[in-house]
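Let me begin by presenting the structure, written as structure tokens, before commenting on it.
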Amino acid sequence: MKGLKGKNVLVTGATSGIGEIIAMRFAQEGANVAINYRKRLEDAENTEEKIIQKACGNMASCGVKTLPIQGDVSKEEDVINLIDTVVKEFGSLDILVNNAGIQKECPSHEIKIEDFDMVLGVNLRGAYMCAREAIKHLLSQNSPGVIINISSVHEIIPRPFYLSYSISKGGMENMTKTLALEYADNGIRVNSVAPGATITPINREWVDDPEKKAVVESHIPMSRAGTSEEVAAAVAFLASDEAAYVTGQTLFVDGGLTLYADFREAWSA
Ligand code: NAD
């Protein structure tokens, strides 16, 4: 896709699921990729190997650089270090993908406040801190840049028993729009990609259970769950020059989930 070759990209939570596939997609487009991981270096090295294989077959002949970086996005000092390290190692940061995310199921009247804070701390506060540090860097270089926030259909669909998750993604929508408006004049574009039900480890409860999977898919107008590759394609588009005039938007990659399958049949006179 236009304008991605040679760009420096940071993907948070890049060692599994959607983040890993986004990292691979950028490498395939010829971009250098910083792979943020929270805990295990082995996971990042594993992702690094897959990225190199996918992008160019082997490490020796690969023009694309990869950089595993440890950091918990809910911790301010880790986030500052994350952006500093990318800039130091790659020379600059052009594209940030705020992908790291967690969820916790609980009836809303019983949520422990530490759990509430933890989900908001990663999904919203963490994404904001990464955006803040990336924007500081871009402004200091007088460079254009792109921020993509991985949101969710729950940006607009309420999700009972997952209150903190819903709030975090709803907040992300406003953050995307506010940052897009505030920095449009600086050439910094900010958009969200909102996946629907996507086959990744976060959904291990239903992806490996055919009956539960069928129930999930019955709510999706296109009658199937999505893939991380389909999400990554939207991210690559929004980060590329093909989307040079797009900012402040959410692109739903959800097989029509936000159109509400239950309303397919006429339900009122
Ligand atoms: P996943 O569990 O495979 O990936 C989440 C990643 O975030 C993991 O690599 C994890 O280590 C990382 N992470 C968690 N806490 C972190 C922290 N504090 N600091 C750094 N990294 C951290 O799940 P996924 O489905 O690939 O989710 C990726 C994103 O997509 C999330 O933001 C999620 O909300 C969003 N999303 C997923 C779906 C879906 O159906 N899979 C749907 C909508 C939105």
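Counting starts at 1 for both ligands and their atoms, following the listed order. For the single chain, residues carry numbers from 1 onward in sequence order.
Rounded to the nearest 0.5 Å, atoms CD1 (Ile147) and CG (Leu238) are 13.0 Å apart.
Between Ser192 and the options Leu251, Asn98, Thr176, a side chain to side chain contact (heavy atoms under 4.5 Å, CB included) holds for only Thr176.
For ligand 1, the protein residues within 4.0 angstrom (heavy atoms only) are Gly13, Thr15, Ser16, Gly17, Ile18, Asn36, Arg38, Gly71, Asp72, Val73, Asn99, Ala100, Gly101, Ile102, Val122, Ile150, Ser151, Ser152, Tyr165, Lys169, Pro195, Gly196, Ala197, Thr198, Thr200, Pro201, Ile202, Asn203.
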Go through it in stages, so that I can follow the logic: the residues are Thr247 and Tyr183, the test is side-chain contact (heavy atoms from CB on, under 4.5 Å), and I'd like the CA-CA distance, side-chain angles, deciding distance and then a yes or no.
CA-CA 10 Å; Thr247 197; Tyr183 298 101; over 6 Å; no

Taking only distance into account, with no hydrogens and no angle test, what donor-acceptor pairs under 3.5 Å do side-chain atoms of residues 109-119 form with protein atoms, sequence neighbours excluded?
none

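Counted by atom type alone, Glu155 and Thr250 present one or more donor-acceptor pairs between their side chains at under 3.5 Å. Using modelled atom types and a 3.5 Å distance limit, the side chains of Asp43 and Thr15 yield no donor-acceptor pair.
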